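Notes follow the structure.
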Amino acid sequence: MISVFQLNESQRQAVEWGEKSLLVLAGPGSGKTAVLTMRIANIIKNSPDENFRILGLTFTVKAAKEMKDRINMLLGNMDNRVQLRTFHAFCTDLLRQHGSHLNLKPDFSVITDEKDRIAILKELDVDNPEDILSRIDTMFTHGISVEELPKYFTPENQTECYDLQTIFNQYIQALSKENQLDFGSMLYFTRQLLETKPRIARQLRTVYKYICVDEFQDTNLAQYLILKLLAPTENANLFIVADEDQIIFQWNGADPKRLESLKSDYNIEVLQLPYNYRCQKEIVEIANKLIEHNSYRIHTKKPGIPFSDESGTVKLTSYENFDHELSGLVDEINVIPLKSRDKCLLIARSNKLLTAANKYLNEHSINAEIVSKNQDFSSPILLTMYFCLKLANAANSRSVLNKLCASATDINGLVLSAEDISAKAHVEGSSLLRAFFDTASQSEILNPVCNAGISYLCDTIQFQKFIEIYINHFDYLNTDDEKDDLFPDYKDDKENWTRIAQDIEDTYEGNVGLHVFLQEMDLTPKLKSIGKDCVRLQTVHSAKGMEFDHVFIIGLAEEQFPTYFAIRSGNKSIEEERRNCFVAITRASKSLYLSYANEYFGWHKQPSRFLKEMGLLND
DNA sequence: GGCGGGACCATTTTT
DNA sequence: TGGTCCCGCC
């Protein structure tokens, strides 16, 4: 942990920043999280008698959690004046409190499954729901209202525009009627709330005197508009941390232009954290050279400066074809001792190359695993418990019942029909969940948890008690003998469950309703445990924010990295690819192994232009 | 047996 | 944008 005394000059300036807005340009490894959290802690410590709060907004759950942990270390139990949330979690908090103005009930649930969104559109008799959904998402991420929509259509396409307007309105109505929100609508409703109820916005402004935003470059327009409603004047106290060279979510609405808007909308000062504490100097040098080729940059940003004098390694190797490249990779990894394998990261631009590399490495006795965040639980046991809770929260949802029946059927093969259970509930005038428990109790393995379910989810709501009994039951069955095969993924799922449940406990201090509990469960990514002495394989996007001693990047060839798509669609996309490459190489602290082949899957490819730009290859 | 023409393949994924 | 393979036709 860095203390105030170890800060460099620009870091200290940022930490001690008080009133007015500041934009902190923070490259890879510049210590931005330390700066952000220490500045927050400073303000709180220097105002013990005041009761304003500080709002910290992040883009990812992981970043919010990281900041929470650090703030907790710095402030201990004084941290109740600091609210650290992702944009989306902040919006749900707000909508649970004030959503009644928009006819939203406080116990709404969160849709995370694309299929459920498609299902809503199908109910509305939409022709090609996938296409319409992506249009609706574009409206959401760009904050485009129904009224503004005609601007985006040519005069001869106005019918198409009118159709989309109608469907968008119907979709919004369906969400509020079914008491469900998806990610996009959270932002949509929040903006509407703050625009139509200026009193609420004003109240928030009084409470949150300071607002910090981490990874600002990732915000889409809808999020930025919400920020502007929270801090409408140019004299606001915004503290924005951003790196324009790491915008790699453009396809999701992030845009280099956002920083320009920020600078013109606010009377903002700019400060750069120039030192790179992560990467050794050879790596910083090629990263600087590479990113210089991007033209959409704030011109005041200076190249990164390596903090350490120590020498790192940058090695480029070329191969005849992809097979040779993989074989060369095996040789390189074999040099690294087993105990350091968990400090190795293999990056590829696409999952196709990553999958092939994974297969090859494992066939050549190198432990390797593709690391990707899986959004959902995967073991039937945990899923069944989770859907029981969901059905307790959304009592009439047929789609939840369908999923519950499917997962419960997977546990032991006793077929549970959603159709029959629904009919039974109708005849008996009971809830879907009660009818489910009545039916499923015929299964020997499920019987004890069904009884618990009736007592603690139907007769009374004591969902924590239900969870406890449910998990104990399967823990008992699981330790009975070697039944790992019988309960696939149960261990990983349970670890995730207990971890998230603990986080929720910490955040809400044990005082949490079922809908909020489920919301946090839904919005928190589930991690996969990784084997011993294992090399991690990740795509560029999923590796963002991480750091490893040794990084291997394969497939540095034209039409792989940069991708074929980017090359075809022009300079704006190439610049995003360049930022992707920048993010990839700056994951490495000590050594960086780059490689390309002349042939992939039978197609001849040129070496990536980025290698030339980094000065590693001549024209 | 030699040829012309068409098919083949092409990204990332948070909230 | 590529190279290669296979099919059908002459």
Side-chain angles (χ1 to χ4, degrees), chain A residues 57-65 85-93 95 110-114 117 133-134 137 140-141 181-190 213-224 226 246-254 321-322 347-356 370-376 519-527 537-546 555 557-570 573-584 597-609:
Chain A
L57 294 172
T58 66
F59 195 64
T60 62
V61 177
K62 200 175 125 200
K65 165 96 175 120
R85 301 295 268 160
T86 62
F87 266 99
H88 288 86
F90 172 75
C91 292
T92 54
D93 292 347
L95 292 173
V110 175
I111 312 181
T112 51
D113 191 344
E114 282 300 275
R117 307 178 67 211
L133 195 61
S134 81
D137 276 336
F140 278 148
T141 53
L181 296 185
D182 59 10
F183 291 117
S185 61
M186 289 174 197
L187 304 176
Y188 172 86
F189 282 120
T190 301
V213 184
D214 189 21
E215 305 253 34
F216 176 83
Q217 75 276 0
D218 288 329
T219 45
N220 58 39
L221 191 52
Q223 291 164 324
Y224 184 59
I226 289 171
Q246 293 192 65
I247 303 168
I248 57 173
F249 288 102
Q250 215 164 25
W251 43 268
N252 194 45
N321 58 41
F322 187 37
I347 298 179
R349 179 64 179 89
S350 69
N351 281 308
K352 192 180 179 185
L353 291 194
L354 217 53
T355 313
I370 295 181
V371 180
S372 58
K373 268 165 247 146
N374 32 349
Q375 185 61 57
D376 296 309
Q519 170 201 306
E520 295 286 340
M521 267 297 159
D522 286 335
L523 295 185
T524 311
K526 287 72 185 176
L527 312 166
L537 276 62
Q538 297 188 227
T539 57
V540 185
H541 287 81
S542 73
K544 200 180 170 201
M546 307 183 98
E558 288 289 294
E559 292 165 16
Q560 293 288 340
F561 200 173
T563 61
Y564 167 79
F565 273 104
I567 293 168
R568 282 198 79 183
S569 51
S573 307
I574 290 291
E575 298 216 342
E576 173 125 331
E577 287 295 287
R578 197 175 281 117
R579 290 190 292 267
N580 263 301
C581 188
F582 179 81
V583 169
N598 294 316
E599 194 197 297
Y600 290 90
F601 311 106
W603 300 93
H604 189 262
K605 303 285 171 190
Q606 296 295 316
S608 170
R609 66 188 73 186

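Values below: all heavy atoms of this structure, side chains included; hydrogens, waters and symmetry mates excluded. On a predicted model such as this, the values are computed, not experimentally measured, just so you know. Chain letters run A, B, ... following the sequence lines, proteins first, then strands; residues in each count from 1.
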Side chain of [X] only, please: which of [options] is the nearest?
| X | options | result |
| --- | --- | --- |
| A/Asn252 | B/dT15, B/dT14, B/dT12 | B/dT14 |
| A/Thr539 | B/dT13, B/dT14, B/dA10 | B/dT13 |
| A/His541 | B/dT14, B/dT12, B/dT15 | B/dT12 |
| A/Ser350 | B/dT11, B/dT13, B/dC9 | B/dT11 |

**Item:** Any residue meeting ring pair (Phe, Tyr, Trp, His ring centres under 6.0 Å) with A/Phe565, in chain and number order, not counting sequence neighbours
**Value:**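 In terms of ring pair (Phe, Tyr, Trp, His ring centres under 6.0 Å), with neighbours along the sequence ignored, A/Phe565 is linked to no residue.
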
**Request:** Return the set of residues passing ring pair (Phe, Tyr, Trp, His ring centres under 6.0 Å) with A/Phe90 (not counting sequence neighbours), or none when no residue passes.
**Result:**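 For A/Phe90 there are no ring pair (Phe, Tyr, Trp, His ring centres under 6.0 Å) partners, ignoring immediate neighbours.
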
**Request:** Would you please determine if the base of B/dT11 is stacked by A/Phe565, with stacking meaning a centroid separation under 5.5 angstrom and planes under 30 degrees?
**Result:**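 A/Phe565 vs B/dT11: stacking yes.
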
**Prompt:** Where does the angle between the aromatic ring planes of A/Phe249 and A/His541 fall among parallel (under 30°), tilted (30 to 60°) and perpendicular (over 60°)?
**Reply:**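 Aromatic pair A/Phe249/A/His541 classed perpendicular.
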
Pick base, sugar-phosphate or nothing for [X], based on heavy-atom distances below 4.0 Å to the nucleic acid.
| X | result |
| --- | --- |
| A/Asp218 | nothing |
| A/Lys352 | sugar-phosphate |
| A/Val61 | sugar-phosphate |

**Prompt:** Among all residues two or more places apart in sequence or in another chain, which pass the salt bridge (Lys or Arg N to Asp or Glu O under 4.0 Å) test with A/Lys65?
**Reply:**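 In terms of salt bridge (Lys or Arg N to Asp or Glu O under 4.0 Å), with neighbours along the sequence ignored, A/Lys65 is linked to A/Asp69, A/Asp503.
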
**Message:** List the residues meeting salt bridge (Lys or Arg N to Asp or Glu O under 4.0 Å) with A/Lys62, not counting sequence neighbours, and say none if there are none.
**Reply:**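 Partners of A/Lys62 under the salt bridge (Lys or Arg N to Asp or Glu O under 4.0 Å) test: none.
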
**Residues that A/Glu215 engages under side chain to side chain donor-acceptor pair (under 3.5 Å), provided they are two or more places apart** =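 Per chain and number, A/Glu215 pairs via side chain to side chain donor-acceptor pair (under 3.5 Å) with A/Gln217.
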
**Item:** First and last nucleotide of DNA chain C, 5' to 3', lying under 4.0 Å from heavy atoms of chain A
**Value:**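 So the contact region on DNA chain C extends C/dT1 to C/dG3.
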
